[in-house]
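Here, residue 1 is the first one in the sequence, and each next residue gets the next number. Whatever order the structure lists them in is the order used to number ligands and atoms, beginning at 1.
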Amino acid sequence: MRTQVAIIGGGPSGLLLGQLLHGAGIDTVVLERQSKAHVLSRIRAGILETGTVALMHQAGVGQRLEKECFRHDGTVICHGEMQFGVNFFERAGKHVVVYGQTELTRDLYGARELANAKTLFNIENVAIYGADTDTPSVSYEQDGLSHTIKCDFIAGCDGFHGVSRKTIPAQLRREYEKLYPFGWLGVLSETPPVHDELIYAGSDRGFALCSMRNANLSRYYIQCSLTDKPEDWSDTAFWEELKRRIPSEYADKLMTGVSIEKSIAPLRSFVSEPMRWGRLFLCGDAAHIVPPTGAKGLNSAMGDVHYLFNGFRQLYEGGDSRGIDEYSAKALARVWKAERFSWATTKLLHRFPDDSEFDRKMQQADVAFLAENSAAQTVFAENYVGLPY
Ligand code: APR
Ligand code: PHB
């Protein structure tokens, strides 16, 4: 088999890149380790920057999103009983939208099928060869048989645990990592959201987030211990703890219900540099991870897709390699700023087990400053709605 760009990983990065390339007449094959049903069963984040929405439109996959998404012009931030709003639209001239990553992925699979673009599911033992030569290839196994795809380029869109990043020789790679001493316990429930905006809440008991998918589907999170298991938390225990961490105004009207999904995710900041090795390009979670506190994971991945797609297009359409040559530096420049925002927002609102009384006072002063200072709110808003590409 031969293709122009072999895309490893059928998550949002690989699928959106594939769809954009298809629109530009560039042939791709997507190789996904899991089944489509498995990919679509993963509950992930739900906030899209307008840049991400624009990319979906550019890929011709924006119709359902446009119809079903909810525009959010701001968010609520709390600490204990203190609360204030940050209006993104007034401060940064942009909004974000609520649309589940799972739905975005579903739309992209639909478009890929309509376009008859090749996606291989349930494949195993993907390996990359000759990334530093002019004749790269990808091998894989399916139903016990080995296959090879020859290609011009490889896009490593296979997430944090994929093979692409690890294919870059260790001595050429530099990894930066920060692990946080807690996780997020998330619950999805078929109940109306407690408020029409998201609520990011710091409290003495730890962080909580009230989010949503639609008028009857809510997504809530609470900071939890890394040793906790989802089954340690009954629905009742979850709701009671959530209520203790948000202002009573919201706790009193919170509609609780049966959880239809409950999971724990550890929090991590991670960046691997560079994002290119010869003809292999890393994209999305394969190269970087953020803690979810600023809703930057998916949106940072989509930023990479933007740069990489434009680089490939310039090369295939006009023979100009500047875009792909600059890819790693440009993508990383944006990624590091999203890392900074996600780290800062995590530090602002979480309870760190080793924090001293002084550290807690600093955190409270930081929140108070954000509450009172319009320049600080503008900084928050500009980061939240997404920095320009
Ligand atoms: N071979 C083939 N596919 C693989 C391999 C492999 N060795 N390893 C992983 N994959 C697949 C995974 O099954 C997954 O479907 O690659 C895909 C990677 O998808 P994501 O992890 O979603 O990463 P990405 O597409 O970059 O999306 C970034 O989505 O997952 C969230 O937190 C993430 O919000 C961020 C955004
Ligand atoms: C979500 O809705 O899942 C969500 C929203 C905002 C975040 C993180 C997760 O910062």
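Counting heavy atoms closer than 4.0 Å to ligand 1, residue Pro12 contributes atoms from both its backbone and its side chain. With a 4.0 Å cut-off on non-hydrogen atoms, His38 does not touch ligand 1 at all. The part of Thr293 lying near ligand 2 is the backbone, judged by heavy-atom distances below 4.0 Å. Under 4.0 angstrom from ligand 1, the non-hydrogen atoms of Arg33 come from both its backbone and its side chain.
For ligand 1, the polar-atom distance check finds an N/O of Leu298 within less than 3.5 Å of one of the ligand's N/O atoms. Distances between N or O atoms of Ile47 and those of ligand 2 include no value under 3.5 Å.
One side chain, Tyr99 or Asp107, offers a donor N or O that lies under 3.5 Å from an acceptor on the other. Using modelled atom types, one finds no donor on one side chain facing an acceptor on the other under 3.5 Å when comparing Thr293 with Thr345.
Surrounding NZ of Lys67 are at most 12 heavy atoms belonging to other residues, nucleotides or ligands under 6.0 Å away.
Ranking the protein heavy atoms by distance from atom 21 (O) of ligand 1 puts Gly159 CA, 3.7 Å first. The nearest protein atom to atom 25 (O) of ligand 1, hydrogens excluded, is given as Ser13 N, 2.9 Å; this is a heavy-atom distance. When hydrogens are left out, the protein atom nearest atom 29 (O) of ligand 1 is Gln101 NE2, 2.8 Å; that is the closest non-hydrogen contact. Nearest to atom 20 (P) of ligand 1 among the protein's heavy atoms is Arg44 NH1, 4.1 Å. Closest to atom 35 (C) of ligand 1 among all protein heavy atoms lies Asp285 OD1, 3.4 Å. Atom 1 (N) of ligand 1 has its closest protein heavy atom at Val126 CG2, 3.6 Å. Regarding atom 13 (O) of ligand 1, its nearest protein heavy-atom neighbour is Glu32 OE2, 2.5 Å.
Taking 4.0 Å as the cut-off, Arg213 counts as a neighbour of ligand 2 on heavy-atom distance. Contact annotation: Cys157 has at least one heavy atom less than 4.0 Å from an atom of ligand 1. Residue contacts with ligand 1 include Arg42, since one or more of its heavy atoms lies under 4.0 Å from the ligand. Using a 4.0 Å cutoff on heavy atoms, Trp184 counts as a contact of ligand 2.
Glu113 pairs with exactly one of Arg106, Lys36, Lys118 by the salt bridge (charged side-chain N to carboxylate O under 4.0 Å, His left out) rule, that one being Lys36.
In this structure, His350 has its ring center closer than 6.0 angstrom to the ring center of Phe207.
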